[in-house]
Amino acid sequence: MADDYKGYRGKAKDTLIEHKVRVWSDVVIDSTRGEFIGIILPRSETADDKHIVVKLRTGYNVGLAVDTIKRIKEMSYKEAIYKIPEKEFPYDPKKPNVKLLGTGGTIASRLDYRTGAVIPAFSPGELYGSVPELADICNLNTEKLYGVFSENMGPDQWRGTAEAIGKEIKKGIDGIVIGHGTDTMHHTAAILSFMVQNSPVPIVMVGSQRSSDRPSSDAALNLMHATKTAAESDIAEVMVCMFGPTSDEYGLLHRGTRVRKMHSSYRSTFRTIGDIPLALVDNDKITPLKTDYNHRRKDKKVTINTAFEEKVSIVYYYPNMKPDIIESLIDHDYKGIIIAGTGLGHVNKPLYEPIKRACKKGIAVYMTVQTLWGYVQMYVYDTGRDLMDMGIVPAANMLPEVAYVKLGWVLGQTKNLEKVKKMMLTPIAGEITTREPYDGYLIYQGGLPEITEFLKKHNR
Amino acid sequence: MVKKFGELTDKEYEKLGFKCGLEIHQQLFTKEKLFCHCPAGRYTNEYDAEILRHMRPTLSELGVYDGTALMEFKTKKNILYRLNHETACTYEFDDTPPFPLNDEALDIALEIAILLKCNLVSELHIARKQYLDGSIPTGFQRTTIVGIEGTIPYKNRKIQIRQLGLEEDACREISDKGHLRIYKTDRLGMPLIETVTYPDMKNPREAAEVAQIIRRLTRVTGKVRTGIGATRQDVNVSITGGTRIEIKGVSRIPLIPELVHNEAMRQKALLEIKAELKKRKLSEKSYKIKTLNISNLLKNTTYDPIQKVIKKDLLVNALLLPKFKNILSYPTQPEQTFENEISDRVRVIACLNTLPNIISSETKNKNLSQKEWKTISAKLSAQSTDAIIIVWGDKQDSETAIKEIEIRIKEAMEGIPSETRQALANNTTGFERILPGPNRMYPDTDLPPISVSPQRIKKIMSGIPEFPWDREKRYRQMNLPQDTIIPLITSKYSTLFDKIVKNLKIDPVLTAATIIQKFKHLKREGININNIPQPEIYKMFEAYKNRKFAKELIPVLLEKMPSTTFEKAFKSLKIKSVNIKQLQSEIKDSYAKHKKTLYKPKKKENIKLRTERFLMGKLMHKLVGAIDGKIINTELKKLLPVLIKQK
């Protein structure tokens with residue numbers, strides 16, 4: 001069986017074969033560095049072929065170089081199966097029904113010997129086994145749509161998820177939770193905000209920044225917050241529900257079109273950009289922070305529109321960018337380009353020519369800002385006016401990633417540039433706002449006396 | 001009955017089946033922490049921010065929950081971490097994945113693994129060892145095995161080493177009250193090695209002696225930290241029929257013997273209790289405990305702890321333990337009975353940590369009135385052979401406490417529960433948590449394995465220090481002062497000592513006395529000897545060897561050297577060195593100058609001695625520091641008879 005040597009190749013695999021042992025053999029290994037007793041473990045495929053991994057009696061793993069091994073003697077065979085204990089999720093007719101759609105991520109996960117990393121594990125029973133508190137909130141049903149890391153989410157998965165949501169709403173579900181890897185959660189949140197319109201129930205995206213296989217994981221609390229939001233919240237929109245502060249205190253509900261992952265590893269990585277979050281959620285209650293949201297309805301009506309044109313790109317401008325970047329998009333038949341420009345929305349002169357060509361060819365070119373916060377304003381400087389003359393359309397305060405998925409969605413429906421422009425600039429799900437509140441841009445800076453005092457007083 | 005420490009002979013320990021193993025934790029002397037770039041060894045009580053976390057148990061690699069983890073989860077603690085800007089970064093509070101393992105730390109760990117004669121691992125796999133008490137914000141300690149199966153010589157036998165691990169140190173606890181535990185994060189993440197022995201020690205004294213040997217072995221490298229908390233011992237104890245109990249965090253080696261003795265006696269007592277319960281035909285499978293809410297019965301009690309609780313509207317519960325008479329009052333440790341075992345569990349697991357947290361029908365201290373006990377007894381329909389425990393707290397904590405008491409009572413019928421216990425001030429121990437097993441290990445998926453190349457080992461081997469026992473033998477042969485030998489073996493100056501003695505051929509006794517006694521003396525006077533770079537100390541000895549100054553000046557120079565170089569310190573003394581010829585003419589001059597005023601004794605034989613003493617004083621005053629007093633004396637003794645004769 002191939003699994004007998006799981007992950008081993010080359011010299012390491014030959015050594016196992018030569019000594020007539022396999023993965024999960026309980027062995028005594030005699031080596032030039034002494035004797036080692038333990039169980040042979042599978043090896044990560046990305047690791048080298050020079051070592052054999054053994055779990056010692058103390059629970060520790062060690063790697064033994066194959067060229068130090070003299071003899072291996074098998075004593076017995078003990079296969080281990082890593083499995084989260086499954087318990088049947090209880091049903092209570094008085095509780096709201098929530099559907100958890102899984103796309104992947106580490107919200108529920110287990111160890112993958114193939115890569116040595118963690119892979120998603122997912123079933124109501126497994127979730128109940130690890131987060132029994134969920135049963136106090138709702139009746140939970142799950143469906144695994146995909147099992148991918150979030151960077152592998154794309155148009156196919158977006159469409160599939162939107163359709164699955166539509167089906168659940170039509171069946172009368174009280175709320176939907178979507179388990180998702182965090183890296184591209186904001187892309188998916190944005191596209192779902194466009195593909196699923198007029199939802200009568202909350203659609204809550206959730207993930208974890210620390211995989212659920214560690215005791216300090218944010219997974220359990222995020223999951224509790226998200227299911228509570230799906231079950232009880234009055235906000236019938238696509239939202240991201242993740243940690244507010246890094247402390248285990250409360251979650252924030254971010255509008256799907258205004259949210260962005262802002263730190264590669266912090267728990268409180270998701271922030272609402274250019275506005276304040278929709279609401280706060282903890283184990284006791286949901287506290288709205290905004291009032292202008294879509295309210296929960298009793299009907300089962302929803303519009304699902306999964307159009308998507310894939311030939312759209314984001315160009316992140318940098319000084320000295322060469323024209324060939326834009327030219328190659330034109331030559332490869334791209335239909336839409338989102339530029340993340342500097343400051344109020346600028347690029348350098350050498351790009352003028354190719355941009356002109358792109359617009360002339362009928363490619364939809366939109367300007368956003370790489371400052372993330374603030375509006376595009378192309379009248380202030382000549383550069384902006386020149387660019388608009390060529391046909392670039394300023395996209396107000398749409399975030400670059402949001403503009404990207406929206407343009408794909410719009411171009412999937414029409415290629416008429418006038419119609420595209422009208423649709424792009426008419427906000428559908430809060431992706432463009434007419435006002436930026438004074439507290440929509442708050443990044444407190446460490447070191448300042450007032451912030452130091454704040455941090456000492458509050459667990460953030 | 002419980003025998004006191006010192007009352008048992010080695011033979012008696014042997015008869016008990018006493019076995020003891022050690023886990024010695026030693027901080028390594030590195031610039032940075034093990035998995036991030038924060039400075040190591042900077043301690044502070046100041047903090048800039050606090051973070052709140054909770055811990056949840058997760059599965060081990062082999063798909064099992066660890067008992068300790070489940071126990072800690074029951075305590076439902078809020079855990080606060082205090083962060084200081086200088087000593088912790090986002091890694092410490094688990095918001096940034098680990099940086100690559102500190103190479104400096106790994107080299108030191110390998111060096112010590114070699115000294116312990118361990119089989120070296122060729123590829124390190126970082127594991128996560130679960131700690132749900134919150135002492136590490138991730139909920140696990142990153143740890144890795146560097147070597148296994150080593151040995152150290154002890155008496156005429158060998159003590160076996162199970163393994164040497166390299167791991168990150170945990171937080172320091174500030175407080176633990178009710179459901180809130182507070183930690184500071186300065187020590188968190190510092191590199192630490194853990195040396196684990198087999199249970200090869202056969203009596204309490206041996207445990208301390210072996211701990212001492214291991215401590216010295218790590219210190220000969222000169223690359224480990226010393227001082228308060230830099231070395232911590234966990235001690236495992238068992239007796240025949242008993243079980244392995246781990247006593248955690250013994251700060252000083254001399255405490256070990258009495259602690260392990262008391263633990264052995266506790267196990268013996270628990271086995272006696274088990275036998276007694278068996279005699280009474282009680283079994284954990286069928287034993288039933290009746291619980292009754294007695295808040296109303298005690299409404300008007302004058303017993304202070306319960307009165308307070310009643311005022312706060314909390315619950316008071318009574319538990320009826322059938323056929324349990326005289327068990328709760330059975331002595332287990334000095335000043336402690338089985339009732340303490342139960343109180344401990346209630347304290348730790350139900351977080352009822354204001355003592356007393358329980359009382360019983362066998363509690364000696366004054367508590368409820370006779371009448372109150374009678375009423376309770378009647379309500380529970382208690383028989384004369386039964387015992388009653390009373391516990392109080394809020395609803396949730398009371399429930400946890402009642403469950404926990406039941407668990408501990410039933411464990412008494414099985415024998416000795418596997419526990420980690422903390423060392424207490426009076427050399428007894430208290431329950432800390434259920435002893436964790438191998439099920440709390442999980443591979444660290446954040447870091448790839450690290451290969452330890454033969455070249456790396458070869459390089460470390462080339463600089464390996466001498467074994468402490470070899471060093472000791474050598475120093476004894478040099479006739480060093482008794483009190484300098486042991487400190488010098490583990491001193492960071494021991495290499496410098498050898499260099500001075502070997503290269504400069506300076507008297508080893510003088511060198512050892514300077515490095516150990518003088519340094520200690522000066523440190524006590526507040527001189528920061530640690531600030532003097534070793535090469536400067538060497539320069540000083542070199543100058544002394546070249547007769548630039550007298551040995552009397554060594555402390556004077558050392559006093560100045562923490563803030564300057566040897567060269568500058570020496571110049572500032574404005575010493576003119578004196579050679580033998582110059583000394584001889586000084587002696588002649590001095591004699592000539594003073595001869596007329598010299599005392600004229602009546603008895604001739606006294607003249608020489610008196611004159612010698614007088615002149616010695618004068619010469620020392622003039623030449624102090626320029627040449628050794630001993631040399632002055634020798635020359636004076638040689639010259640004086642000649643001068644006297646000359647008249």
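It should be emphasised that the depicted structure is a prediction, and the values quoted were computed from it without experimental measurement.
Residue contact with chain A, scored on non-hydrogen atoms closer than 4.5 Å, is absent for B:Tyr131. Within the 4.5 angstrom heavy-atom criterion, only side-chain atoms of B:Glu149, from C-beta onward, approach chain A. Of the two parts of B:Ile148, only the side chain, counted from C-beta on, holds a non-hydrogen atom closer than 4.5 Å to a non-hydrogen atom of chain A. Heavy-atom distances place the side chain of A:Leu56, and not its backbone, under 4.5 Å from chain B. For A:Arg460, the part sitting under 4.5 Å from any heavy atom of chain B is the backbone (N, CA, C, O) and nothing else. At a 4.5 Å heavy-atom cutoff, B:Tyr81 makes no contact with chain A through either its backbone or its side chain. When heavy atoms are compared at a cutoff of 4.5 Å, B:Arg162 approaches chain A solely by way of its side chain, counted from C-beta outward. Both the backbone and the side chain of A:Phe36 come within contact range of chain B, each with at least one heavy atom under 4.5 Å from a heavy atom of that chain. B:Leu447 does not touch chain A: none of its heavy atoms, backbone or side chain, sits under 4.5 Å away. If you measure heavy-atom distances from A:His263 to chain B, the contacts under 4.5 Å come from the side chain alone. Of the atoms belonging to B:Thr143, heavy atoms from both backbone and side chain fall under 4.5 Å from chain A. Interface residue B:Thr138: backbone and side-chain heavy atoms are both found under 4.5 Å from chain A. With a threshold of 4.5 angstrom between heavy atoms, B:Leu80 approaches chain A through side-chain atoms but not through N, CA, C or O. Only the backbone of B:Pro137 comes within less than 4.5 Å of a heavy atom of chain A; no side-chain atom from C-beta onward does.
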Stepwise side chain to side chain donor-acceptor pair (under 3.5 Å) test for B:Thr96 and A:Tyr266:
CA-CA 6 Å; B:Thr96 287; A:Tyr266 241 82; over 6 Å; no
From CA spacing to verdict: side chain to side chain donor-acceptor pair (under 3.5 Å), A:Ser216, B:Asp94
CA-CA 8 Å; A:Ser216 61; B:Asp94 192 33; 2.8 Å; yes
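Atom OG1 of A:Thr58 sits about 5.5 Å away from atom CD1 of B:Ile145, to the nearest 0.5 Å. Rounding to the nearest 0.5 Å gives a distance of 7.0 Å between OG1 of A:Thr452 and CG of B:Asp48. In this structure, CD1 in B:Ile51 is found 9.0 Å from CG in A:Leu455, a value given to the nearest 0.5 Å.
Here A:Thr246 is the residue among A:Val53, A:Val54, A:Val131, A:Thr246 with the most heavy-atom pairs under 4.5 Å with chain B. Comparing A:Ser268, A:Ser264, A:Gly63 by heavy-atom pairs within less than 4.5 Å of chain B, the highest count is held by A:Gly63. Between chain B and the options A:Ala65, A:Gly34, A:Ser247, heavy-atom pairs under 4.5 Å are most frequent for A:Ser247.
Here the side chains of B:Ser451 and A:His51 are in contact, with some heavy-atom distance below 4.5 Å. Side-chain contact between B:Glu123 and A:Ile52: absent, with no pair of heavy atoms (C-beta onward) separated by less than 4.5 Å.
Checked by atom type and distance alone, the side chain of A:Asn459 never pairs as donor or acceptor with a backbone atom of B:Leu52 at under 3.5 Å. Under the 3.5 Å distance criterion, the side-chain polar atoms of B:Asp95 are matched with a main-chain donor or acceptor of A:Arg267. Judged by distance alone, with hydrogens and angles left aside, the side-chain atoms of A:Lys456 form a donor-acceptor pair with the main-chain N or O of B:Tyr47 at under 3.5 Å.
Taking each heavy atom of A:Arg214 and B:Asp446 in turn, the nearest pair found is NH1-OD2, 3.0 Å. Scanning all heavy atoms of the two residues, the minimum distance from A:Tyr60 to B:Glu167 falls at OH-OE1, 3.9 Å. Of all the heavy atoms in B:Gly139 and A:Pro215, the pair that sits closest is O-CG, 3.3 Å.
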